[in-house]
Visitor: 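Just passing along the structure, written as structure tokens.
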Amino acid sequence: MPLILNEEQEMLRDSARGFLDEKAPVAALRKLRDANDPDGFSRDLWKEMAEMGWAGIIVDEGYGGSGFGFVGAGVLAEEMGRTLTASPYLSSSILAATALKKLGNDAQRQENLPKIAAGELLYALAVDEGAKHGPAKTAMAAEKHGNGFKLSGDKTFVADGHVADKIIVAARTAGSPGERKGLTLFLVDSKSNGIEVERTQMVDSRNAARIKFDGVEATGDDILGEVDGGFGALEGVLNAGRAGLAAEMSGASQAAFKMTVDYLKERKQFGTEIGTFQALQHRAAHLYSEIEIAKSAVLKALQELDDNYGIAGAVCSLAKAKVGEVAKLASQEAVQMHGGIGMTDEYDIGFYMKRIRVAQEMFGDPAFHADRIAQLRGY
Amino acid sequence: MPLILNEEQEMLRDSARGFLDEKAPVAALRKLRDANDPDGFSRDLWKEMAEMGWAGIIVDEGYGGSGFGFVGAGVLAEEMGRTLTASPYLSSSILAATALKKLGNDAQRQENLPKIAAGELLYALAVDEGAKHGPAKTAMAAEKHGNGFKLSGDKTFVADGHVADKIIVAARTAGSPGERKGLTLFLVDSKSNGIEVERTQMVDSRNAARIKFDGVEATGDDILGEVDGGFGALEGVLNAGRAGLAAEMSGASQAAFKMTVDYLKERKQFGTEIGTFQALQHRAAHLYSEIEIAKSAVLKALQELDDNYGIAGAVCSLAKAKVGEVAKLASQEAVQMHGGIGMTDEYDIGFYMKRIRVAQEMFGDPAFHADRIAQLRGY
Amino acid sequence: MSDLEAFRKEVRAWLEENCPKEMRDAGAGGEDSICWGGKRWTFESEAQKIWLGRMAEKGWTVPSWPKEYGGGGLSKEEVKILKAEMRAIKARSPLESFGIWMLGPALLKYGTHEQKAHFLPPIARGEIRWCQGYSEPNAGSDLASLQCKCEDKGDHWLINGQKVWTSYADEADWIFVLVRTDPKATKHTGISFILVNMEQDGVSTKPIKLISGKSPFCETFFDDATVPKEHAPGVSAIVGELNKGWDVAKYLLTHEREMIGGGGSASLIAARSPGEIAAQKTGLDAGGRLDDSMLRAKIAQADVDGWAFMLTMERMKDEAKAGQGTGANSSMLKYYGTELNKRRYELMMDAGGSDELEWEGERTKDGKLARGWLRTKANSIEGGTSEVQLNIIAKRILELPGA
Amino acid sequence: MSDLEAFRKEVRAWLEENCPKEMRDAGAGGEDSICWGGKRWTFESEAQKIWLGRMAEKGWTVPSWPKEYGGGGLSKEEVKILKAEMRAIKARSPLESFGIWMLGPALLKYGTHEQKAHFLPPIARGEIRWCQGYSEPNAGSDLASLQCKCEDKGDHWLINGQKVWTSYADEADWIFVLVRTDPKATKHTGISFILVNMEQDGVSTKPIKLISGKSPFCETFFDDATVPKEHAPGVSAIVGELNKGWDVAKYLLTHEREMIGGGGSASLIAARSPGEIAAQKTGLDAGGRLDDSMLRAKIAQADVDGWAFMLTMERMKDEAKAGQGTGANSSMLKYYGTELNKRRYELMMDAGGSDELEWEGERTKDGKLARGWLRTKANSIEGGTSEVQLNIIAKRILELPGA
């Protein structure tokens with residue numbers, strides 16, 4: 001498959017760009033933040049997005065989705081990255097939708113996918129338990145209890161966990177922390193007894209949660225996929241999330257870079273536009289190259305998720321690793337080249353730096369993913 | 001102690017610079033290389049250097065040396081680095097002199113130090129056995145044999161091993177490769193039965209050797225320092241060598257940088273000196289900063305060897321790590337900024353790149369030493 | 001016993017008797033425990049007030065300034081001893097201010113006796129708090145293109161214009177300002193350095209909120225602000241010669257560079273380091289090395305650079321003492337120190353992971369590390385950008401053409 | 001069965017029958033096994049000669065060129081199939097040359113029918129070997145400032161001047177040269193692209209020894225070298241219009257950039273990689289990770305960048321096919337690919353340690369890796385320096401002012 005968007009995907013991108021520029025510019029995020037909005041996103045906007053088919057972007061049409069696949073999902077993520085749109089898109093429409101689509105049984109799909117596509121319920125994925133990502137480190141216990149299980153343990157950095165109606169949670173039915181075997185995924189109601197959700201307001205003005213599970217009951221029907229074999233299944237879902245985050249960061253980098261190049265053309269110092277200074281030109285040209293190279297990795301990851309879901313892990317790590325570094329560089333150069341004004345809260349560039357920092361950390365930072373690639377290459 | 005040279009050391013530097021500019025410019029190394037000189041250095045020059053007191057720079061005056069200490073030794077190494085002077089200075093005057101001074105018993109000092117100071121005999125230190133430095137990895141066996149030992153194993157990358165009259169060799173009297181305990185240092189004659197020396201001509205046109213030991217006999221009198229306790233003793237000697245190499249690389253970086261800045265002022269392209277291009281100016285200014293910062297680490301390492309020999313390891317690693325990276329950058333920027341002419345053998349800059357590559361690898365590359373610092377800092 | 005030894009003994013005894021217990025916790029409170037002084041200052045405790053009073057009386061808030069101007073009149077060696085003894089008991093600095101760091105040195109170098117006598121003692125006693133009016137919205141790196149207008153109205157000056165990035169202007173009493181006194185002169189000429197009382201109509205300030213969420217800087221507006229020719233008999237409002245304020249400004253910029261570059265070193269020896277945070281958050285393997293080998297490599301490289309940088313500051317100081325070295329190296333220290341500090345904060349954020357990404361709440365003390373991380377991004381902008389420092393190195397040290 | 005499938009079947013059968021066994025070891029011999037052709041060429045074996053002969057007869061040494069000029073006349077899809085089938089049996093390329101890479105494309109785009117008919121077939125058959133005369137000692141990055149003089153002497157041209165960095169000029173038969181035909185014109189105008197037979201008095205070459213110890217380049221001198229106006233009836237010595245050679249040159253520079261940038265990718269998929277060398281030389285820990293975690297981090301970062309770069313080449317090709325993208329991106333690929341290749345060789349040297357530092361002798365094949373490492377340093381200089389590529393990106397893609 002050629003490494004470019006097809007016509008349909010291009011149309012999706014163009015219409016998304018128009019919509020987001022109008023409805024969800026950075027100013028919208030700023031407003032949510034300044035108002036200390038309890039959700040951290042606009043439910044009205046989310047409804048509109050769902051109506052356009054975005055919430056069910058990867059959900060098959062039979063379940064009410066628009067069946068675009070991962071490339072389409074990435075196209076939207078990239079556009080949302082440009083404008084820093086806050087929404088439960090990543091958690092519900094990429095992570096949960098992937099999990100249910102790939103792991104759910106008939107009943108689970110029937111029950112959940114239409115609700116995801118309609119934007120009717122919100123979902124979250126709870127994996128991390130410590131400061132750094134590492135699914136195999138999962139310690140949360142899922143102890144046998146009658147015919148079902150009791151879940152106990154603490155989850156952190158659960159994106160959109162503060163608003164989620166349902167939570168997909170990774171717990172240990174066997175083995176010990178560090179082992180890949182013994183993980184199982186459960187889909188539980190966030191209102192279940194024993195669940196305590198603490199909203200955490202993050203650097204990027206978006207929200208996550210720390211969630212305590214204290215003997216939360218789950219039945220066999222709540223299991224997503226196989227018992228004890230959840231590591232590989234979880235990795236698949238995480239890969240989709242990683243590629244989605246990479247696409248989002250790619251969009252954010254491009255937008256930050258565009259603001260910077262525009263500023264270089266306009267801002268005058270020493271009697272000339274600062275864009276005439278060769279040192280800045282070379283740094284901008286280098287950054288341009290890095291951004292282009294990162295874009296290729298992102299598109300390939302999304303295509304692989306569509307075409308070879310089972311073995312897309314390496315290239316998803318590539319995308320997350322590469323874009324993570326490039327996005328960081330893009331936000332740093334943006335602030336530095338803007339000078340003092342880039343440091344002010346009034347100017348938008350700081351929002352990019354903050355979102356990029358959080359997205360870069362989520363589901364594995366560049367070091368985590370470079371390490372994966374090194375392992376796969378045998379060193 | 002202030003982190004600057006004292007008057008005596010400054011005088012040493014100035015006289016060394018004058019001498020080397022005249023007697024041992026890069027052209028001298030080129031000549032040795034083109035003639036495929038069997039020694040790879042000039043014995044006449046070495047004799048002159050010894051007469052000036054350089055061969056015994058750290059040897060006490062009582063043994064015929066000039067008693068300058070390690071700062072003085074580093075001053076000379078830095079100047080030799082500027083002109084890429086080939087000589088057995090590192091092996092005999094820093095490594096062997098340090099080993100005998102710090103570890104030798106009275107008899108060993110009396111026997112060897114005057115010969116080192118007079119430049120009468122040449123010495124080499126044989127440590128490495130594999131492609132990457134790592135003293136603890138030493139496998140060479142020193143088996144008990146009557147009252148003495150029999151040494152068997154292969155050494156590689158032995159600087160000046162091809163001309164050495166005597167060899168200080170690290171061998172294992174106990175323990176296994178990877179362990180620090182169980183190493184012992186021996187001082188053996190290079191003409192001993194069972195020693196086979198293969199000269200290796202290196203990238204930098206200097207020479208080293210691979211040395212095979214096949215049941216080479218050594219007595220208790222040949223032991224330098226303690227049996228089984230040689231690791232720490234060896235580290236001390238290596239630290240001196242590392243600081244010496246760092247000083248040499250610092251000198252080489254400064255010289256390569258000076259050539260580059262001069263070229264930037266003189267070479268014209270697009271109707272102006274290329275030094276007017278801001279992108280090159282900023283890179284040159286950055287490199288200047290790095291070189292200055294590296295110089296501080298070198299001087300501190302040398303001072304610590306003089307003042308706190310036993311605990312100088314960390315700062316010697318700092319110097320070797322920092323200067324190694326900076327020297328590499330200096331040689332790379334030198335070639336790139338010179339453009340095509342920098343790629344020609346006719347121009348001197350390539351000699352700097354080659355010497356820096358070899359010196360950087362010797363006794364631990366920047367990664368090895370950064371690792372040591374990380375370990376010391378507990379991560 | 002030498003004089004210096006006697007002095008040390010005396011200092012030790014005095015500190016022991018006069019430094020309140022509560023003031024012996026230097027470093028613990030971070031920026032929040034600094035005493036800035038000024039008319040509007042509220043002491044955090046009686047101890048802080050007593051400590052300032054006692055030190056000011058000795059002249060030890062500014063120990064190297066002449067006694068006649070409120071200083072301690074100490075020699076370099078004596079200042080060193082005083083600082084060392086204070087460190088030994090972890091005594092807090094009694095007073096910090098732009099008056100001490102910036103205006104004081106400028107007046108000592110360029111001021112008249114009358115100016116020094118009038119302005120320095122209140123600085124030394126912490127009675128008057130100063131801020132600095134240099135940058136303007138259209139004169140950032142290109143400071144000399146400033147436009148703030150200052151007209152000669154016979155018996156007074158009349159100032160109109162705007163300054164930006166004035167640190168804590170909203171809490172300061174007086175401001176030292178670079179103004180254009182000769183609108184026809186070319187860029188670097190026609191600028192004067194003037195001292196302005198902020199308690200008057202015509203001077204107003206507006207805090208600038210930074211990406212860190214804090215507001216350490218303000219915009220300062222001058223609308224027909226008047227300044228008497230003399231603030232007191234013989235005390236000119238202008239420092240140095242009229243239209244030659246650029247010399248004073250340049251002197252202070254160099255001074256500021258050294259301070260900010262040095263600021264890097266403060267964080268280098270600060271309590272937290274990327275390696276420690278990482279060891280705690282990501283864990284160590286059996287060999288005692290970080291599990292995350294990628295992060296470990298970056299931290300180690302930053303530690304190598306950081307240590308070598310600290311040694312370079314030491315070397316530059318020693319060179320300066322010995323009369324060697326070049327002043328332009330302050331640009332190198334500023335450039336390298338601030339870039340390094342940014343790297344270290346990036347690594348601390350990497351090491352801290354999601355735990356340090358919480359912007360609000362107890363656990364992170366309202367995102368202390370994250371806000372600090374964002375704050376460091378200004379290090380390479382304020383006091384002359386990294387790009388300006390590299391230009392200066394290229395020109396003044398490397399002497400490259402056209403630089 | 002589609003036409004393409006039929007073609008594939010045919011190609012497979014033909015290759016099976018016609019490609020000699022000895023020629024089925026592509027990649028094994030490295031640069032040494034390339035067949036360059038030309039009058040002075042000595043075939044390394046009978047098989048090499050036969051292979052060239054058979055492929056040339058089919059036109060498959062230059063499969064996409066028109067049949068009438070010695071090519072295979074194949075469509076893009078067919079060329080792809082041919083290459084794939086050759087790869088499948090590891091068939092060596094039968095012929096490589098500057099004629100194929102550079103002059104051919106230039107003639108196909110700018111040449112007359114007569115020039116194509118005269119010059120292309122001997123290139124396709126490997127009979128004439130070409131080299132390129134662009135750079136001059138004082139016109140490196142600033143190529144347009146070239147001085148090599150070409151005067152109109154009525155029935156012939158007279159060339160005087162010097163070229164440098166002419167690859168393998170000492171083994172070439174003909175040279176295509178950029179010369180100044182109008183000395184009064186401004187820089188980019190007044191330059192012509194001329195074809196010169198090197199077998200004549202007045203043209204001499206001198207190899208340039210590189211830091212790698214090899215001499216792949218020459219200086220080429222023109223002392224009253226004469227070139228007929230027409231090399232054969234109707235076959236002008238000048239390609240394109242007189243004084244408009246800069247257009248041809250620019251076209252070829254872009255072409256060259258792509259090739260050199262792509263050269264990066266050849267090494268990216270070359271047999272040896274830093275990670276493999278390191279695994280072999282420094283050993284792995286119990287978890288299968290390199291003992292040297294610092295080196296590991298750097299290699300992993302280079303692998304990330306290398307993989308993403310290869311995908312970018314793929315994307316750019318696909319964009320070009322789809323009529324999207326910008327030609328200036330060849331500068332980006334050239335810049336990034338060559339810098340990456342240099343990094344990879346640095347890491348291979350790091351991984352190889354002292355073993356790879358032996359300049360002579362069996363063990364290292366006379367310092368093969370080290371000489372390769374040194375050779376890569378020219379990647380970011382030849383075909384337009386990295387700095388020139390960054391200038392082009394700044395100007396043509398980012399449209400920055402004054403770039």
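Convention: sequence-line order gives letters A, B, ...; per-chain numbering from 1.
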Visitor: Report yes or no: is the cationic atom of A:Arg357 (NZ for Lys, CZ for Arg) under 6.0 Å from the centre of the six-membered ring of C:Trp373, at an angle within 45° of the ring normal?
Guide: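 Relative to the ring axis of C:Trp373, which defines the angle, A:Arg357 lies inside both limits.
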Visitor: Looking at every heavy atom in both C:Ser354 and A:Gly130, which two are closest together, and how far apart are they?
Guide: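 Answer, listing the atom of C:Ser354 first, then A:Gly130: OG-O, 3.7 Å.
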Visitor: Check whether any side-chain N or O of C:Glu360 sits under 3.5 Å from a backbone N or O of A:Gln201 as a donor-acceptor pair, and report yes or no.
Guide: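 Not at all, since once roles are kept as given, no pair shorter than 3.5 Å links the two residues.
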Visitor: Compare every heavy atom of C:Met294 with every heavy atom of A:Ala374, then report the nearest pair and how far apart it is.
Guide: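 So the two residues come closest at CB-CE, 4.4 Å.
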Visitor: A quick test of your reading: do over 12 heavy atoms of other residues, nucleotides or ligands sit less than 6.0 Å from NZ of A:Lys265?
Guide: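 Check passes, neighbour count above 12.
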Visitor: Among all residues two or more places apart in sequence or in another chain, which pass the side-chain contact (heavy atoms from CB on, under 4.5 Å) test with C:Ala378?
Guide: A:Met343, C:Arg375, C:Glu382
Visitor: Taking side chain as everything from C-beta outward and backbone as N, CA, C, O, which of these in A:Ala370 sits under 4.5 Å from a heavy atom of chain C? Side chain, backbone, both or neither.
Guide: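 Answer is both: backbone and side chain atoms of A:Ala370 are under 4.5 Å from chain C.
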Visitor: Look at C:Ala370, C:Gly367, C:Gly140 and state which one has the largest set of heavy-atom pairs under 4.5 Å with chain A.
Guide: C:Gly140
Visitor: With a sphere of 6.0 Å drawn around NZ of A:Lys137, does it hold more than 12 non-hydrogen atoms of other residues, nucleotides or ligands?
Guide: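 Count over threshold, so yes.
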Visitor: Assess whether a salt bridge exists between C:Lys298 and A:Glu325, defined as any Lys/Arg side-chain N lying under 4.0 Å from an Asp/Glu carboxylate O.
Guide: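 Between A:Glu325 and C:Lys298 there is a salt bridge, with a charged N closer than 4.0 Å to a carboxylate O.
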Visitor: Is there side-chain contact between C:Lys342 and A:Gln332, with at least one heavy-atom pair below 4.5 Å?
Guide: no
Visitor: What distance separates A:Phe368 CZ from C:Leu295 CG, expressed to the nearest 0.5 Å?
Guide: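 It is 13.5 Å, given to the nearest 0.5 Å.
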Visitor: Chain A heavy atoms under 4.5 Å from C:Leu357: which part of the residue, side chain, backbone, both or neither?
Guide: both
Visitor: Looking at CG of C:Asp355 and CG of A:Asp128, how far apart are the two atoms once the value is rounded to the nearest 0.5 Å?
Guide: 10.0 Å
Visitor: Please say which of A:Gln269, A:Arg267, A:Lys268 ends up in a side-chain contact (heavy atoms from CB on, under 4.5 Å) with C:Asn138.
Guide: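 Looking at A:Gln269, A:Arg267, A:Lys268, the match for C:Asn138 under the side-chain contact (heavy atoms from CB on, under 4.5 Å) is A:Arg267.
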Visitor: Is there side-chain contact between C:Arg363 and A:Arg210, with at least one heavy-atom pair below 4.5 Å?
Guide: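 Of all side-chain heavy-atom pairs linking A:Arg210 with C:Arg363, at least one is under 4.5 Å.
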Visitor: Can you tell me if C:Lys395 has over 12 outside heavy atoms packed within less than 6.0 Å of its NZ?
Guide: no
Visitor: In this structure, are over 12 heavy atoms from other groups packed under 6.0 Å from A:Arg180 atom CZ?
Guide: no
Visitor: Pick one of side chain, backbone, both or neither for C:Ser386, based on which atoms fall under 4.5 Å of a heavy atom in chain A.
Guide: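 For C:Ser386, backbone and side chain are both near chain A.
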Visitor: Under 4.5 Å heavy-atom distance to chain C, tell me which part of A:Arg33 shows up: side chain, backbone, both or neither.
Guide: side chain
Visitor: Side chain, backbone, both or neither: which part of C:Ala297 has a non-hydrogen atom closer than 4.5 Å to chain A?
Guide: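 Neither part.
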Visitor: Please name the pair of heavy atoms, one in C:Ile211 and one in A:Gly350, separated by the smallest distance, quoted to 0.1 Å.
Guide: CG2-CA, 3.6 Å
Visitor: With a 4.5 Å heavy-atom cut-off, do A:Lys354 and C:Leu374 have their side chains touching?
Guide: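 Side chain of A:Lys354 against side chain of C:Leu374, heavy atoms only: contact under 4.5 Å found.
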Visitor: Heavy-atom distances under 4.5 Å only: say whether A:Leu280 touches chain C with side chain, backbone, both or neither.
Guide: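 Contact with chain C is through the side chain of A:Leu280 alone.
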Visitor: Taking A:Gln336 for its side chain and C:Ile381 for its backbone only, find out whether a donor-acceptor pair lies under 3.5 Å.
Guide: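 Answer holds: no.
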Visitor: Which atom pair, heavy atoms only, marks the closest approach of C:Gly352 to A:Ala131?
Guide: O-CB, 3.3 Å
Visitor: Can you name the closest pair of heavy atoms from A:Asp345 and C:Leu210 and give their distance?
Guide: CB-O, 3.5 Å
Visitor: Between C:Asp142 and A:Gly271, which heavy-atom pair has the shortest distance, and what is it?
Guide: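 Looking at all heavy atoms of both residues, the closest pair is OD2-N, 4.1 Å.
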Visitor: Answer with side chain, backbone, both or neither: which region of A:Met362 has an atom nearer than 4.5 Å to a non-hydrogen atom of chain C?
Guide: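 When you check distances to chain C, no heavy atom of A:Met362 falls under 4.5 Å.
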Visitor: Assess whether a salt bridge exists between C:Asp350 and A:Lys328, defined as any Lys/Arg side-chain N lying under 4.0 Å from an Asp/Glu carboxylate O.
Guide: yes
Visitor: Between C:Ala351 and chain A, which part of the residue has a heavy atom less than 4.5 Å away: side chain, backbone, both or neither?
Guide: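 For C:Ala351, the contact with chain A is made by the backbone alone.
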Visitor: Under 6.0 Å from the CD atom of A:Glu196, do we count more than 12 heavy atoms belonging to anything else shown?
Guide: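 Count not over threshold, so no.
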Visitor: Answer whether the closest heavy-atom distance between the side chains of A:Glu346 and C:Lys209 falls below 4.5 Å.
Guide: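 No, too far: nothing below the 4.5 Å cut-off.
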Visitor: Mind checking whether A:Thr344 and C:Trp165 have side chains closer than 4.5 Å, heavy atoms only?
Guide: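 They are in contact (side-chain heavy atoms under 4.5 Å apart), so the answer is yes.
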Visitor: Where does A:Thr200 contact chain C at under 4.5 Å (heavy atoms): side chain, backbone, both or neither?
Guide: side chain
Visitor: Between C:Ser141, C:Gly361, C:Ala144, which has the largest tally of heavy atom pairs under 4.5 Å with chain A?
Guide: C:Ser141
Visitor: Charged N to carboxylate O below 4.0 Å: is that the case for C:Glu387 and A:Arg283?
Guide: yes
Visitor: Under 4.5 Å from any heavy atom of chain A, what part of C:Ser145 do you find: side chain, backbone, both or neither?
Guide: neither
Visitor: Identify which of C:Lys377, C:Arg371, C:Lys187 forms the greatest number of heavy-atom pairs closer than 4.5 Å to chain A.
Guide: C:Lys377
